[in-house]
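Okay, so here's the structure we're looking at.
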Amino acid sequence: MKLLTISLLVLSLLAIGVHAQTDADAAKINLGTADKFALLGASGITNVDAHTFVIGDVGSYPTCSVTGLTQNQVSGQLFLKCSHVMKKAQKDLTKAYNQAAGASCDTNLTGKDLGGMRLGPGVYCFSSSAGLTGTLTLDAHGNPNSQWVFQVGSTLTTATNSKVVMVLGPTLPPWSNGLRGCNVYWQVGSSATIGTGSTFVGKILALTSITLNGGTFRGKSLASNGAITMSARETVDGPPCE
């Protein structure tokens, strides 16, 4: 009986969010001009590896400092000086952050590790910190426009070699039909740290700072008040989602 109860619990966690999502269900989150940025900091951006490569614009405002990146490492515009473009992007980021934070929570995952879960579209909330050890699968249930919003009260942390994998359906391979994480939002109440060797998907909207410790990031790192730090070789694939 105990084994049956545990099995049912596991199945219920794996099946979270299996309902079909419609456009009306999805929270309205508009990054505006911030969507052009793969990396948008507030108190500077630092990179330590010459082989880091970023697809998308890079800049920081109001501390307009980018250290350790050259234009050869950025497929997009690299802003090395203060610009009204970054000022506007930060304003748009604030609006998007508030939209994500204000979305109605569908499922409370407080105290649970995201590793091993298979989540359908929806809004998932953590009252405090959120962690990922292992693999998180995001299942679009056949809808390439499906949306996920993760509301994290404080910190987001992924363990070494953790993964976020997107699938269009249960019988289709990861990244089928061009799923890029354009509709995956991580609203983080303080700071996010992505572990070494991780493959992460989605747009991190962090109130404070973001640290990328070397791996593959398919999405955007957008920090409202703090810095973005890349402590090892990072590939950031974050062009505008159109």
Side-chain angles (χ1 to χ4, degrees), residues 11-40 53-57 75-76 92-93 95-97 99-107 109 114-125 130 132 134-152 156 158 162-188 192 194 198-205 215-222 235-242:
L11 287 173
S12 66
L13 287 174
L14 292 177
I16 287 173
V18 295
H19 69 281
Q21 184 186 59
T22 66
D23 290 341
D25 294 328
K28 304 304 178 185
I29 303 173
N30 182 9
L31 279 170
T33 60
D35 195 45
K36 295 182 179 180
F37 286 82
L39 302 175
L40 178 63
F53 189 73
V54 182
I55 302 174
D57 291 354
S75 178
D92 289 346
L93 172 58
K95 293 178 183 178
Y97 179 94
Q99 289 170 343
S104 179
C105 179
D106 295 320
T107 306
L109 295 179
L114 288 164
M117 290 190 180
R118 188 182 189 98
L119 302 180
V123 180
Y124 301 90
C125 53
L132 169 60
T135 299
L136 166 65
T137 302
L138 303 180
D139 189 338
H141 299 311
N143 179 6
N145 296 315
S146 290
Q147 177 180 275
W148 295 260
V149 179
F150 294 90
Q151 300 169 331
V152 182
L156 168 66
T158 76
S162 58
K163 294 181 180 180
V164 179
V165 176
M166 296 190 72
V167 294
L168 185 57
T171 62
L172 297 172
W175 296 98
S176 59
N177 287 7
L179 291 176
R180 290 175 44 216
C182 289
N183 294 325
V184 181
Y185 297 90
W186 301 84
Q187 175 260 316
V188 180
I194 308 303
S198 293
T199 300
F200 196 81
V201 174
K203 304 172 182 179
I204 296 180
L205 285 58
T216 301
F217 193 106
R218 296 189 175 102
K220 301 175 183 297
S221 292
L222 310 173
T235 300
V236 182
D237 183 7
C241 291
E242 299 175 350

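A quick note: this is a predicted structure, and the numbers were derived from the prediction, not measured.
- In terms of modelled atom types and a separation under 3.5 Å, the side chain of Gln151 and the main chain of Ala100 share a donor-acceptor contact.
- Atom CG of Leu40 is separated from atom CG of Asp35 by 11.5 Å, given to the nearest 0.5 angstrom.
- Asp139 approaches His141 most closely through the heavy-atom pair OD1-N, 2.9 Å.
- Between Leu39 atom CG and Leu222 atom CG the span is 8.0 Å, to the nearest 0.5 Å.
- Between the side chain of Trp148 and the backbone N or O of Val123, no donor-acceptor pair lies under 3.5 Å.
- Atom CZ of Arg218 is separated from atom OG1 of Thr199 by 6.0 Å, given to the nearest 0.5 angstrom.
- The shortest distance between side-chain heavy atoms of Ile204 and Phe217 falls below 4.5 Å.
- Relative orientation of the Trp186 and Phe150 rings is parallel, given thresholds of 30° and 60° on the angle between their planes.
- For Asp57 and Lys36, the salt-bridge test fails: no basic side-chain N is under 4.0 Å from an acidic carboxylate O.
- Judged by distance alone, the side chain of Asp92 and the main-chain N or O of Thr33 form a donor-acceptor pair under 3.5 Å.
- Closest of all the heavy-atom pairs between Val201 and Val164 is CG2-O, 3.3 Å.
- Looking at residues two or more places apart in sequence or on another chain, you find no salt bridge (charged side-chain N to carboxylate O under 4.0 Å, His left out) involving Asp237.
- Here Gln187 pairs with Tyr97 under the side-chain hydrogen bond (donor to acceptor under 3.5 Å, both in side chains) rule; sequence neighbours left out.
- Residues that satisfy the ring pair (Phe, Tyr, Trp, His ring centres under 6.0 Å) test with Tyr185, not counting sequence neighbours, are absent from this structure.
- Note: Thr135 OG1 to Met117 CE = 13.5 Å, rounded to the nearest 0.5 Å.
- The OG atom of Ser146 sits 10.0 Å away from the CG atom of Leu138 when rounded to the nearest 0.5 Å.
- Note: Leu119 CG to Asp106 CG = 11.5 Å, rounded to the nearest 0.5 Å.
- Remark: the backbone N or O of Gly238 is paired with a side-chain donor or acceptor of Lys220 at under 3.5 angstrom.
- In this view, Ala96 and Ile29, Leu31, Gln99, Leu205 satisfy the side chain to side chain contact (heavy atoms under 4.5 Å, CB included) rule, not counting sequence neighbours.
- Residues that satisfy the side chain to side chain contact (heavy atoms under 4.5 Å, CB included) test with Ser162, not counting sequence neighbours, are Leu132, Thr158, Ser198.
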